[in-house]
Amino acid sequence: MVTKKFSGSSEDADLRRADSLGREIFSDVANKWALLIIESLGERTLRFSELRNEIEGVSHKMLTQNLRMLERNGLVERTVHPVVPPQVEYTLTEPGQALRVTIDGLCDWTHQYLGHIEASRHRFDA
């Protein structure tokens with residue numbers, strides 16, 4: 001798979017502009033469910049029910065909406081196997097894997113500073 005580089009205007013890529021494509025994409029992928037889906041898929045292929053079991057607290061509706069959004073943005077590939085009942089599997093595409101590297105960094109940061117943030121919250125809430 002060849003990843004296409006952005007060829008639009010710089011305004012379309014500007015996250016600070018409310019009407020930019022960049023802001024729309026950023027908004028799509030920067031939500032907790034999308035981040036958790038990408039992290040859960042990792043380098044694996046999972047069925048819907050397996051993903052739902054991996055991500056505690058996600059509803060059927062939210063998982064469906066986020067998988068569709070990630071598929072629309074080309075980050076997740078959906079494969080339907082023609083069996084009865086239909087078997088549907090999800091896997092990350094090349095751009096999805098590239099985004100996962102960033103998400104892994106965010107996860108590492110969370111683990112590294114969890115104690116600091118927890119202490120800060122206790123001080124703030126006191």
Side-chain angles (χ1 to χ4, degrees):
M1 172 184 219
V2 176
T3 302
K4 295 180 181 177
K5 296 290 183 188
F6 180 71
S7 60
S9 69
S10 60
E11 290 83 18
D12 285 338
D14 189 349
L15 296 178
R16 295 168 296 172
R17 290 179 49 111
D19 63 344
S20 74
L21 177 59
R23 169 91 61 99
E24 181 182 333
I25 294 166
F26 186 80
S27 177
D28 280 350
V29 298
N31 77 69
K32 69 178 177 183
W33 300 124
L35 295 174
L36 290 170
I37 289 166
I38 292 167
E39 183 63 20
S40 293
L41 281 172
E43 295 181 17
R44 314 183 281 176
T45 297
L46 295 175
R47 294 176 66 181
F48 184 91
S49 59
E50 293 171 324
L51 262 173
R52 190 160 179 213
N53 290 336
E54 286 270 328
I55 305 170
E56 188 174 314
V58 68
S59 69
H60 184 96
K61 177 182 177 182
M62 288 308 297
L63 184 55
T64 298
Q65 287 176 350
N66 277 275
L67 283 168
R68 286 180 182 162
M69 174 272 299
L70 291 168
E71 183 181 9
R72 178 176 183 253
N73 284 314
L75 303 175
V76 167
E77 184 176 296
R78 178 178 184 261
T79 304
V80 180
H81 299 282
V83 294
V84 177
Q87 182 179 336
V88 181
E89 296 177 329
Y90 298 91
T91 190
L92 292 178
T93 61
E94 183 181 331
Q97 286 289 348
L99 179 57
R100 184 173 159 250
V101 172
T102 300
I103 293 169
D104 285 347
L106 183 59
C107 291
D108 292 345
W109 174 88
T110 302
H111 287 111
Q112 182 177 349
Y113 291 103
L114 189 66
H116 171 82
I117 293 168
E118 185 178 31
S120 181
R121 286 180 171 190
H122 284 303
R123 285 191 308 274
F124 184 87
D125 294 342

If you round to the nearest 0.5 Å, how far is CD1 of I55 from CG of L63? 6.0 Å
Minimum side-chain heavy-atom gap V58-L36 below 4.5 Å: no
To the nearest 0.5 Å, what is the distance between CD on E54 and OG on S49? 10.5 Å
Are L75 and D28 side-chain neighbours, meaning at least one heavy-atom pair lies under 4.5 Å? no
Flag yes if V80 and M69 sit in one hydrophobic cluster, no otherwise; membership is Ile, Leu, Val, Met, Phe, Trp, Tyr, and two members link when side-chain heavy atoms are under 4.5 Å apart. yes
Flag side-chain contact, heavy atom, 4.5 Å: T79 against T91: no
Rounded to the nearest 0.5 Å, what's the gap from CZ on R72 to CD1 on I25? Could you check? 9.5 Å
Hydrophobic clustering (ILVMFWY, side-chain heavy atoms < 4.5 Å, transitive) - are L67 and L35 grouped together? yes
Rounded to the nearest 0.5 Å, what separation is found between the CH2 atom of W33 and the OG atom of S59? 7.5 Å
Apply side-chain contact (heavy atoms from CB on, under 4.5 Å) to R17 and R23, showing your working. CA-CA 7 Å; R17 290 179 49 111; R23 169 91 61 99; 5.7 Å; no
Inter-residue atom distance L41.CG - E50.CD, 0.5 Å rounding: 10.0 Å
Are side-chain heavy atoms of M62 and Q65 found at a separation under 4.5 Å? yes
Among residues at least two apart in sequence or on other chains, which ones pass ring-ring contact (aromatic ring centres under 6.0 Å, His included) with H111? none
So, the side chain of T93 versus the backbone of G74: is there a donor-acceptor pair under 3.5 Å, distance only? yes
Starting from L106, can I reach I38 by hopping between I/L/V/M/F/W/Y residues whose side chains sit under 4.5 Å apart? yes
Could you tell me whether the side chain of S20 and the main chain of D14 form a donor-acceptor pair under 3.5 Å? yes
Any side-chain heavy atom of E24 within less than 4.5 Å of one from S27? no
Please determine whether the number of non-hydrogen atoms from other residues, nucleotides or ligands lying under 6.0 Å from atom NE2 of H116 exceeds 12. no
Side-chain touch E118/L114, heavy atoms, less than 4.5 angstrom: no
Check for a donor-acceptor pair, side chain of Q97 on one end and backbone N or O of G42 on the other, with a separation under 3.5 Å. yes
Rounded to the nearest 0.5 Å, what separation is found between the CG atom of N53 and the CZ atom of R47? 11.0 Å
Close side-chain approach of Y90 and L70, heavy atoms under 4.5 Å: no
What I'd like to find out is whether the side chain of V76 reaches to under 4.5 Å of the side chain of R78, using heavy atoms alone. no
